[in-house]
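Input: a single structure, listed below in structure tokens.
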Amino acid sequence: MRNYEIMFIVRPTLGEDEIKKVVENFSSILTSNGANVIETKEMGQRELAYEIKNFKSGYYFVFDVEANDDKAIKEFDRLALISNDIVRHLVTKIEK
């Protein structure tokens with residue numbers, strides 16, 4: 001099993017229900033591709049260090065993920081790049 005940490009920023013113009021829907025959607029993308037989401041951390045709305053896509057703040061989330069291969073991670077990465085709801089994301093492989 002490989003461990004990953006996925007941090008992503010959801011755009012601040014969404015409502016609370018829409019933000020939950022985005023998080024659940026991306027969590028289900030990971031699980032449907034064979035990964036296991038161990039923990040979801042909501043870090044709240046924070047100011048960005050610099051403006052990204054005309055946004056000065058965003059809602060931060062972190063997934064701790066276990067996966068046998070990188071299929072689920074690549075699918076998350078692909079869909080996060082396409083999505084208008086995710087401002088920025090970062091996938092980090094955790095070495096143990």
Side-chain angles (χ1 to χ4, degrees):
M1 284 288 211
R2 296 183 187 129
N3 293 320
Y4 298 90
E5 182 177 85
I6 302 173
M7 189 279 304
F8 60 98
I9 305 169
V10 178
R11 65 186 173 107
T13 55
L14 295 177
E16 195 174 314
D17 293 337
E18 294 170 310
I19 291 171
K20 285 181 183 177
K21 188 176 179 182
V22 169
V23 173
E24 289 170 4
N25 181 32
F26 277 92
S27 179
S28 68
I29 288 167
L30 290 167
T31 54
S32 66
N33 283 290
N36 182 21
V37 178
I38 299 167
E39 185 178 7
T40 302
K41 299 176 203 163
E42 181 178 348
M43 299 175 71
Q45 185 173 9
R46 296 184 178 193
E47 293 294 316
L48 302 173
Y50 53 90
E51 199 171 288
I52 303 172
K53 297 182 182 177
N54 296 324
F55 297 117
K56 295 183 180 188
S57 67
Y59 291 95
Y60 282 66
F61 291 90
V62 177
F63 287 159
D64 290 329
V65 180
E66 269 186 349
N68 287 326
D69 55 16
D70 61 351
K71 177 185 167 194
I73 304 303
K74 285 183 178 178
E75 184 66 8
F76 180 95
D77 187 46
R78 185 182 75 80
L79 293 173
L81 286 171
I82 296 170
S83 175
N84 290 328
D85 295 330
I86 292 187
V87 177
R88 183 68 46 98
H89 72 284
L90 175 70
V91 178
T92 308
K93 184 177 178 183
I94 307 292
E95 298 292 335
K96 287 192 178 182

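We're numbering straight along the sequence, starting at 1.
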Partner residues of Y4 under the ring-ring contact (aromatic ring centres under 6.0 Å, His included) criterion, sequence neighbours left out: none
Tell me whether the count of non-hydrogen atoms from other residues, nucleotides or ligands lying under 6.0 Å of CD in E51 goes above 12. yes
If you look at every heavy atom in P12 and F55, which pair is closest and at what distance? CD-CD2, 3.7 Å
Give the cluster check for V87 versus L90: same hydrophobic cluster or not, with ILVMFWY residues linked at side-chain heavy-atom distances below 4.5 Å. yes
Linking I/L/V/M/F/W/Y whenever their side-chain heavy atoms sit closer than 4.5 Å, directly or via other members, would M7 and F63 fall into one cluster? no
Between K56 and L48, is a side chain to side chain contact (heavy atoms under 4.5 Å, CB included) present by the stated rule, with each step listed? CA-CA 5 Å; K56 295 183 180 188; L48 302 173; 5.8 Å; no
Pair listing, salt bridge (charged side-chain N to carboxylate O under 4.0 Å, His left out) test, anchored in residues 22-48, at least two apart: K41-D64
Do you know which two heavy atoms are closest between D69 and R2, and how far apart they sit? CA-NH1, 3.5 Å
Any donor-acceptor pair under 3.5 Å from S32 side chain to S28 backbone: yes
Between I6 and L30, is there a side-chain heavy-atom distance shorter than 4.5 Å? yes
Spatial distance of atom CE (M1) from atom CG (N36) [nearest 0.5 Å]: 6.5 Å
Between the side chains of R78 and E75, is the shortest nitrogen-to-carboxylate-oxygen separation below 4.0 Å, so that they form an ion pair? yes
Of all heavy-atom pairs linking K53 and I86, the shortest is NZ-O, 3.7 Å
Residues V37 and S27: closest non-hydrogen pair is CG2-OG, 3.8 Å
Path from Y60 to I52 over hydrophobic side-chain contacts below 4.5 Å: yes
Looking at I29, is its backbone amide N or carbonyl O close enough to the side chain of N33 to form a donor-acceptor pair, meaning the two atoms are under 3.5 Å apart? yes
Within one Ile-Leu-Val-Met-Phe-Trp-Tyr cluster: F76 and I19, side-chain cutoff 4.5 Å: yes
Closest heavy-atom contact between Y59 and Q45? OH-OE1, 3.2 Å
Cluster question for you: counting only ILVMFWY and a side-chain heavy-atom cut-off of under 4.5 Å, with indirect links fine, are V65 and I94 together? no
To the nearest 0.5 Å, what is the distance between NZ on K20 and CD on E18? 12.5 Å
Correct closest heavy-atom pair for G58 and I9 would be CA-CG2, 3.7 Å
